[in-house]
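In what follows, a structure is listed as structure tokens, so that the remarks can point back to it.
Chain identifiers are assigned alphabetically (A, B, ...) following the order of the sequence lines, protein sequences preceding nucleic acid strands; residue numbering begins at 1 within each chain.
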Amino acid sequence: MEIPKTYDPETIENKWYAQWLDKGYFKSSPDERTPFTILMPPPNVTGVLHMGHALNHTIQDVLIRQERMKGKNAMWLPGIDHASIATEAKVVALLKEQGINKNDLTRDEFLAHAWEWKNKYGGIILDQLKKLGASCDWDRTTFTMDNQYYKSVIMVFNDLYDKGFIYKGIQMVNWDPLAKTAVSDEEVIFKDANSVLYYVKYYLTDGEDYISIATTRPETIPGDVAICVNPNDERYKHLIGKTVIVPLIHREVPIISDLGIDIEFGTGALKVTPAHDRYDFELGKKYNLQVIDVFTSDGKMSEKAGIFVGEDRFKARKLAADQLESEGVLIKKEQIQNNIGYSERTNSVIEPKLSEQWFCNMQKLAIPALEAVMSDEVEFYPAKYKNVYRHWMENIRDWCISRQLWWGQRIPVWYFSNGQYVVALNEEEALAKAKLLVENDNLTLSDLRQDDDVLDTWFSSWLWPIATLNGILEPNNKEINYYYPSDTLVTGPDIIFFWVARMITSGLEYRKEEPFYDVYFTGIVRDSKGRKMSKQLGNSPDLLDLIKKFGADSVRFGVLVSSPAGNDLLFDEKLCEQGANFANKIWNAFRLVRGWELNGAIKHKSSRFNLKPVEWFSNKLKHALHEIDDYIEEYKLSEALTSIYKLIWDDFCSTYLEMIKPENDLGMDQVTYEATITFFEKLVALLHPFMPFLTEEIWHLLRERTDDDFCIIAPYPKPEEKADQIILGKSSRIIEAITGVRNIRNESNISPKMALDLFIRSDDEMLFRQWEPIITKMANITNIDFVKIQVTGAKSFTVKTDTFYVPITVEIDPETERIKLSDELDYTKGFLRTVMAKLANQRFIDNARPDVLDKEMQKKADAEARIIMLEQSLKELQQ
RNA sequence: GGGGGCUUAGCUCAGCUGGUUCAGAGCAUCUGCCUUACAAGCAGAGGGUCAUAGGUUCGAAUCCUAUAGCCCCCACCA
């Protein structure tokens with residue numbers, strides 16, 4: 001067998017992905033094993049793969065692969081969200097390009113276009129995820145408008161209506177004039193804005209006096225129905241009850257009073273426009289005022305405005321300002337800072353608008369969902385989001401669930417011409433219910449009209465954990481009973497309210513059990529300058545390009561290595577490069593190790609090195625497995641990966657392989673070789689969830705494998721026995737000694753090629769004898785001797801209580817040697833003093849834990865021994 | 001306006017219930033090496049009064065209080 005010199009990701013990735021699929025390793029069905037389930041947050045059908053997805057799905061894949069290797073029945077369910085408003089906007093725009101206006105289409109015609117679009121573009125994103133190595137059970141791919149899913153949503157609507165949670169009402173909603181639909185509070189993004197505050201005179205009906213009003217929205221003046229002041233405001237007290245003339249339209253309106261008015265703000269007098277402001281609407285209700293909606297649904301001035309009819313709201317603002325000026329009622333303009341709400345989807349300015357919508361009352365439903373998180377039944381990583389969650393759930397408001405769109409689950413409500421309605425699962429049931437309602441058996445479907453609106457996308461997404469497993473329609477089916485609750489939800493904190501909170505809510509309502517045990521919140525992916533990645537900035541690299549350039553394993557490494565849970569990830573291509581370097585390193589280590597057998601270098605039965613390196617690395621590995629396991633338990637994946645990285649690069653390659661690597665033609669022995677292959681196998685398995693392709697490749701090349709022996713299903717290395725600290729401690733003395741010699745070479749400019757002698761002064765000669773062949777090889781030493789006294793004409797260094805002398809021809813300054821020793825002595829003495837102080841402190845003795853106390857005792861002993869050694873050396877030097 | 005978080009080497013970050021093996025890692029920098037696995041590499045090195053000021057303590061990066069700066073979330077101030 002010939003091992004290629006370089007690792008070629010692309011062909012190898014395609015090869016193994018195909019084989020994994022072929023072997024069905026991603027598939028899962030209920031059996032006697034413990035399940036481990038992850039439900040993929042379904043990307044929008046309109047979505048394009050970006051770095052955020054890469055991070056998110058890499059994390060999910062790491063978790064799934066780990067648990068699969070640990071023997072659980074791992075199931076990762078992928079899917080796509082129909083993304084009602086986002087998709088509809090896209091389809092409308094596309095049709096517009098083709099010269100088709102949505103308004104000219106029937107509902108069915110439009111939906112046909114939408115489905116066509118979905119079938120063409122939807123799911124591209126999932127195919128792209130395959131390139132990344134995602135090990136989803138693709139047979140389970142679910143779309144939120146699949147037949148069964150659709151029915152589940154309708155069923156839940158019916159159920160919540162029957163239970164009295166869902167109701168229809170006229171309320172102030174957030175209106176998106178571009179999409180011409182209501183949106184929920186969560187879909188409104190508030191941004192700071194510089195606005196103009198207009199001060200306007202409202203003249204009293206009788207007399208020359210006026211009251212001045214401050215407003216940022218003069219175009220809504222035609223909707224004014226009153227002026228409101230604080231009853232305690234001395235300036236206006238005498239005017240309450242009088243009437244003023246509204247500018248522009250010259251209507252007479254009353255001056256009323258309410259304690260809610262802020263005397264300090266603006267002029268202290270508020271123009272009341274119930275149709276266009278939440279607060280004003282409340283005032284309007286309280287004082288029974290008229291509602292005049294001055295806008296049309298697309299944000300133009302309406303007939304009711306009576307002025308600037310048909311003009312866009314922003315144009316109208318300017319026109320209104322101009323006219324106020326020409327009427328002589330504009331007092332002044334002032335620049336102010338305020339918040340303006342934008343639609344999350346269309347980015348148009350949200351208009352508070354009074355309209356009739358469907359709402360879901362969340363207060364009662366939220367109670368158990370709040371409790372589940374506060375009690376850690378659902379555990380948040382990081383925990384800081386618990387507070388955010390609690391605050392929202394404690395102040396939860398009714399959820400506006402209807403949207404004036406066509407793409408989505410159509411609201412299952414059927415109306416009579418008189419406005420009466422029935423809520424039903426389908427037309428047949430609607431008709432039956434209707435007949436009962438009006439006691440008329442001759443009623444036909446044509447007497448009924450279904451609600452035109454669809455449901456908020458999130459009203460379907462919130463059922464994801466249940467509906468994907470058909471748990472709504474068949475609550476007792478085998479699948480949902482087996483897989484629910486899922487284990488970990490991996491998502492961004494930006495949708496904690498939209499989605500996470502609501503899934504917990506619906507899960508507890510419909511399964512009486514939380515939908516997932518853990519929620520892992522990822523951070524936002526930013527560029528290396530800390531800017532959020534966005535299309536506009538063009539700072540988001542194309543994932544597929546990155547994979548092409550570095551390989552999927554390297555990209556996975558890059559996004560994982562610096563992304564602790566909940567913290568933003570500052571992504572830099574360099575991280576992928578580091579990943580690629582790592583892959584290359586592993587590949588070359590593999591070539592070295594495997595080469596020994598393939599090139600016939602295995603010449604001996606037993607180890608020249610007394611198996612010391614094997615003993616050392618096996619303990620190093622034990623130690624690392626515990627560390628890595630702890631990190632994974634806490635979802636510290638980047639830390640875990642870093643640990644594996646160091647274990648492989650530093651400990652395995654730089655140290656272990658260098659130790660056992662045969663110099664000259666001395667050859668390798670069978671025992672060490674076998675041990676090394678076994679180590680390599682464990683390392684590769686350990687790394688597999690993070691870098692699946694490279695590891696699968698090496699897995700198959702390390703040994704002959706049977707047909708079903710794949711790394712993807714190999715047992716994950718478990719932390720079992722603890723590492724032997726004594727062995728690790730002794731070995732580190734050896735390694736430090738080698739480093740010490742190398743250091744002397746460096747600072748004295750001695751080539752690594754020039755062999756040196758080494759004198760060791762130690763009370764543990766045995767140890768150094770055992771390691772002698774390794775020390776001589778790694779530090780390029782000709783001969784090691786043991787001494788009892790100072791060696792002159794040599795550079796020295798100390799490790800713990802051992803002193804090492806390297807005789808060199810380069811000039812040695814005794815003074816420098818003396819200073820070195822005396823500095824170390826001072827430091828050690830100081831160190832001992834602090835230890836002694838602690839041990840002399842009764843409160844410390846009383847309060848410290850026994851292990852802390854033991855450590856201090858050990859420190860004391862070590863320091864004392866070292867001081868004796870240093871003092872002795874120093875004395876000899878001065879003689 | 002309310003709430004939460006952050007401030008540790010040039011950069012990105014680890015540092016749990018306070019105890020000189022905690023002052024760390026990776027990247028970057030510097031020095032020397034094309035040593036037959038790897039220059040996508042090897043061997044070394046330098047670099048931080050742990051934001052500031054107090055306090056608690058025998059002892060604080062770690063706990064408390066203020067201050068400054070940055071970030072996020074929530075909120076109907078016209």
(message) Measuring only between side-chain heavy atoms, which start at C-beta, is E394(A) closer than 4.5 Å to L370(A)?
(response) yes
(request) Please determine if a side-chain N or O atom of N338(A) lies less than 4.0 Å away from the OP1 or OP2 oxygen of C77(B). (result) no
(request) For K271(A), answer base if it contacts any base atom (sugar-phosphate contacts may also be present), sugar-phosphate if it contacts only those atoms, and nothing otherwise; contact means non-hydrogen atoms under 4.0 Å. (result) nothing
(request) Please measure how far the P atom in G5(B) lies from the corresponding atom in C11(B), and state the result in whole Å. (result) 25 Å
(message) Measuring to OP1 and OP2 of U35(B), would you say a side-chain N or O of R742(A) lies under 4.0 angstrom away?
(response) no
(message) Over 60° means perpendicular and under 30° means parallel, so tell me whether F652(A) and F680(A) are parallel, tilted or perpendicular.
(response) perpendicular
(message) At less than 4.0 Å, is any side-chain N or O atom of N743(A) found next to OP1 or OP2 of A45(B)? Yes or no.
(response) yes
(message) If you only use heavy atoms from C-beta on, which nucleotide in C73(B), C42(B), A37(B) is closest to the side chain of F497(A)?
(response) C73(B)
(request) Check the distance between A14(B)'s P and E627(A)'s CD and give it to me in whole angstrom. (result) 16 Å
(message) Between E864(A) and K860(A), does any side-chain N to carboxylate O distance fall below 4.0 Å?
(response) yes
(request) Taking the six-membered ring for Trp and the single ring otherwise, decide whether the centroids of Y645(A) and F557(A) are under 6.0 Å apart. (result) yes
(message) Can you tell me which nucleotide in C77(B), A37(B), C34(B) comes closest to the side chain of K753(A)?
(response) C34(B)
(request) Under 4.0 Å between any heavy atoms, over every strand shown, what does F582(A) touch: base, sugar-phosphate, or nothing? Just pick one. (result) nothing
(message) Defining pairs by Watson-Crick or G-U wobble geometry with both distances under 3.5 Å, how would you list the stems of RNA chain B with at least three pairs each?
(response) B:1-7 with B:68-74, B:10-13 with B:24-27, B:29-33 with B:41-45, B:51-55 with B:63-67
(message) Using atom P in both nucleotides, what's the gap between G4(B) and C64(B) to the nearest angstrom?
(response) 13 Å
(message) Rounded to whole Å, please give me the gap between CD1 in I738(A) and P in A43(B).
(response) 11 Å
(message) Is the positively charged end of K332(A) above the ring of Y199(A), judged by distance under 6.0 angstrom from the centroid and angle within 45° of the axis?
(response) yes
(request) Could you measure between the two C1' atoms, the one in U31(B) and the one in A68(B), and give it in whole Å? (result) 41 Å
(message) For T642(A) and E639(A), which I'm curious about, is there any donor-acceptor pair between the side chains at under 3.5 Å?
(response) no
(message) Is the distance between the ring centroids of F521(A) and Y385(A) under 6.0 Å?
(response) yes
(message) Should the side chain of E658(A) and the base of A43(B) be counted as holding a donor-acceptor pair, with the cut-off at 3.5 Å?
(response) no
(request) Identify, between T6(A) and E186(A), the residue whose nearest nucleotide on RNA chain B lies closer to the 5' end. (result) T6(A)
(message) Could you tell me how far apart K5(A) (NZ) and A39(B) (C1') are, to the nearest whole angstrom?
(response) 14 Å
(message) So, OP1 or OP2 of C42(B): does either fall under 4.0 Å of a side-chain N or O from W649(A)?
(response) yes
(message) Rounded to whole Å, how long is the line connecting atom OH of Y381(A) with atom C1' of G5(B)?
(response) 20 Å
(request) Using the P atoms only, state how far U17(B) lies from A28(B), rounded to an integer number of Å. (result) 33 Å
(message) Looking at C74(B), I'd like to know if its phosphate oxygens (OP1 or OP2) sit under 4.0 Å from a side-chain N or O belonging to Y385(A).
(response) no
(request) Send over the distance from R390(A) CZ to G4(B) P, rounded to a whole Å. (result) 9 Å
(request) Give every residue pair that meets the side chain to side chain donor-acceptor pair (under 3.5 Å) criterion with at least one member in residues 648-659 of chain A, sequence neighbours excluded. (result) Y656(A)-T676(A), E658(A)-K661(A)
(request) Quote, to the nearest angstrom, the P distance that separates G32(B) from A53(B). (result) 41 Å
(message) If the cut-off is 4.0 Å, is K585(A) near the phosphate of G41(B), judged by side-chain N/O to OP1 or OP2?
(response) no
(message) Among C76(B), A14(B), C38(B), which nucleotide has an atom closest to any side-chain atom of E639(A)?
(response) A14(B)
(request) Sticking with atom C1', work out how far U35(B) lies from A39(B), rounded to a whole angstrom. (result) 12 Å
(message) Could you tell me how far apart K384(A) (NZ) and C6(B) (P) are, to the nearest whole angstrom?
(response) 7 Å
(request) Remember a base hit wins even if backbone is also touched, and classify S654(A) as base, sugar-phosphate or nothing at under 4.0 Å, heavy atoms. (result) sugar-phosphate
(message) Taking the nucleotide of RNA chain B with the nearest heavy atom to each, does L197(A) or Y645(A) sit closer to the 5' end?
(response) Y645(A)
(request) When you get a sec, tell me which of A78(B), A75(B), G4(B) is the closest nucleotide to the side chain of I261(A)? (result) A78(B)
(request) May I ask you to evaluate whether K860(A) reaches the phosphate of U21(B), defined as a side-chain N or O under 4.0 Å from OP1 or OP2? (result) no
(request) Answer yes or no: side-chain N or O of K574(A) and base N or O of C27(B) forming a donor-acceptor pair under 3.5 Å. (result) no
(request) With P as the reference atom in both, quote the distance from U49(B) to A9(B) in angstrom, rounded to an integer. (result) 9 Å
(message) Say we look at G26(B) and G41(B): how far apart would their P atoms be, to the nearest angstrom?
(response) 14 Å
(request) Provide, to the nearest angstrom, the distance between the CG atom belonging to D258(A) and the P atom belonging to A78(B). (result) 17 Å
(request) For the side chain of L570(A), starting at C-beta, report the closest nucleotide among G26(B), C13(B), A78(B). (result) C13(B)
(request) Please determine, for the side chain of Q578(A), which listed nucleotide (C27(B), A37(B), A78(B)) has the closest atom? (result) C27(B)
(message) Using a strict threshold of under 4.0 Å (side-chain N to carboxylate O), is an ion pair present between R278(A) and D185(A)?
(response) yes
(request) Please tell me if the side chains of N780(A) and L756(A) come closer than 4.5 Å, counting only heavy atoms from C-beta onward. (result) no
(request) Measure from the side-chain heavy atoms of D650(A) and tell me the nearest of G26(B), C74(B), A78(B). (result) G26(B)
(request) Step through the shown structure and confirm whether more than 12 heavy atoms of other residues, nucleotides or ligands are within 6.0 Å of CE on M374(A). (result) yes
(message) Does G44(B) have OP1 or OP2 under 4.0 Å away from a side-chain N or O of T739(A)?
(response) yes
(request) Return the value, rounded to whole Å, for the distance between atom CD1 of I744(A) and atom P of A43(B). (result) 18 Å
(request) Looking at every strand, decide which applies to R526(A) at a 4.0 Å heavy-atom threshold: base, sugar-phosphate, or nothing. (result) nothing
